[in-house]
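Encoded as structure tokens, the structure appears first; notes follow it.
Atoms within each ligand, like the ligands themselves, are counted from 1 in listed order. If you read the sequence from its start, that first residue is 1, and numbering goes on from there.
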Amino acid sequence: MLDYQAPQDLLKDKVILVTGAGDGIGREAALTYAAHGATVILLGRTSAKLEAVYDQIEAAGHPLPAIVPMDLKGATAAHYRGMAETFAQQFGRLDGVLFNAGLLGTLSPFEHIQEQEWDEVMQVNVKSEFLLTQALLPLVRQTAKEHGEASIVYTSSSVGRKGRAYWGTYAISKFAVEGMMEVLADELENTRVRVNTLNPGGTRTRMRASAFPAEDPQTLKTPADLMPLYLYLMGRDSQGQTGRTFVAQPK
Ligand code: NDP
């Protein structure tokens with residue numbers, strides 16, 4: 001799928017929410033979606049990073065994005081509902097959601113997993129996605145009805161399908177994400193909302209460097225290399241694909 005060639009206007013007029021849009025893969029996805037015509041809603045916890053992405057999109061002359069500074073660690077169902085109402089009023093549609101924000105936590109033997117860190121990783125990687133999905137679904141469904149399609153993409157990992165020693169809470173959280181995708185995809189089978197997971201594979205970002213500090217980042221694909229798959233799943237060419245895990249690269 002990394003050889004998919006997206007038409008330049010693939011996402012024209014669409015509104016797409018990207019979580020963790022200030023850095024790494026999410027940042028690149030936000031820039032790429034905007035370059036293909038989407039109005040992107042940039043959600044993340046560090047305002048300065050989101051503003052930098054905003055400025056880059058503005059300077060390139062793409063549709064102006066919106067910024068939602070939010071720490072998924074502390075946000076509640078009420079925050080998400082309020083946000084969904086704002087999107088409905090401001091944009092009237094939500095064609096796509098890329099759940100990308102993620103927390104690695106500490107890699108450690110199972111017996112050393114700290115309860116507090118378990119809670120934090122599960123909160124950011126799983127519970128916030130569950131609550132945000134619940135809050136956004138009415139608008140996403142309505143968009144699919146009115147405009148023919150909508151796409152929800154969760155971000156998984158190789159350790160979300162095959163457990164690996166010492167990857168503890170992070171791996172377990174990604175298994176939960178895979179499960180959430182399958183449950184929701186099955187429920188939405190007869191709608192025009194497709195739901196999939198995307199496993200980017202080892203990619204040159206801050207998170208990867210903290211997991212593999214001895215690795216030479218130059219040996220890894222960059223977020224930009226993965227964008228054909230990120231575009232494919234957000235755009236009309238993936239219509240009908242649902243309940244699947246897409247792996248960007250085997251590594
Ligand atoms: P980065 O750490 O580079 O970026 C993660 C983004 O998520 C950052 O923008 C970060 O914000 C944001 N984020 C983290 N915690 C929160 C929070 N509590 N509230 C709001 N935003 C938050 O990671 P990657 O780009 O590497 O990873 C993106 C996704 O891909 C993740 O889900 C990750 O698990 C997955 N993945 C990555 C792989 C890789 O090799 N890179 C491999 C497999 C999966 P801030 O910038 O403010 O810290």
Worksheet item: Nearest protein heavy-atom contact for atom 31 (C) of ligand 1: which residue, which atom, what distance?
Response: Asn100 O, 3.1 Å
Discussion item. I'd like to check whether Lys174 has a polar contact with ligand 1, where a contact means an N/O of the residue lying under 3.5 Å from an N/O of the ligand.
Written reply: yes
Response to the item:
Looking only at protein heavy atoms, what sits closest to atom 44 (C) of ligand 1 is Ser156 O, 3.2 Å
Fill in: Proximity of Thr205 to ligand 1 by residue part, where a heavy atom lies under 4.0 Å
side chain
Worksheet item: How close does the nearest protein non-hydrogen atom get to atom 40 (O) of ligand 1, and which residue and atom is it?
Response: Thr203 N, 2.8 Å
Worksheet entry | Nearest protein heavy atom with distance in Å, relative to atom 42 (C) of ligand 1 | Gly201 O, 3.4 Å
Worksheet item: Considering only the protein, which heavy-atom contact is closest to atom 23 (O) of ligand 1, and what is its distance?
Response: Met207 CB, 3.4 Å
Discussion item. Measuring only between side-chain heavy atoms, which start at C-beta, is Glu28 closer than 4.5 Å to Ile25?
Written reply: no
Fill in: Minimum side-chain heavy-atom gap Thr169-Glu117 below 4.5 Å
no
Worksheet entry | Polar contact flag for Arg206 and ligand 1 (N/O pairs, less than 3.5 Å) | yes
Fill in: Ile25-ligand 1 polar pair, N/O distance under 3.5 Å
yes
Worksheet item: Quick one: does Lys49 get an N or O within less than 3.5 Å of an N or O on ligand 1?
Response: yes
Response to the item:
Looking only at protein heavy atoms, what sits closest to atom 12 (C) of ligand 1 is Gly20 CA, 3.7 Å
Discussion item. When you compare ligand 1 with Pro200, is there at least one nitrogen or oxygen pair between them that comes in under 3.5 angstrom?
Written reply: no
Discussion item. Which label fits Phe212 and Trp167: parallel for a plane angle under 30°, tilted from 30 to 60°, or perpendicular past 60°?
Written reply: tilted
Worksheet, complete the sentence: Between the OG1 atom in Thr106 and the OH atom in Tyr170, the distance rounded to the nearest 0.5 Å is 13.5 Å
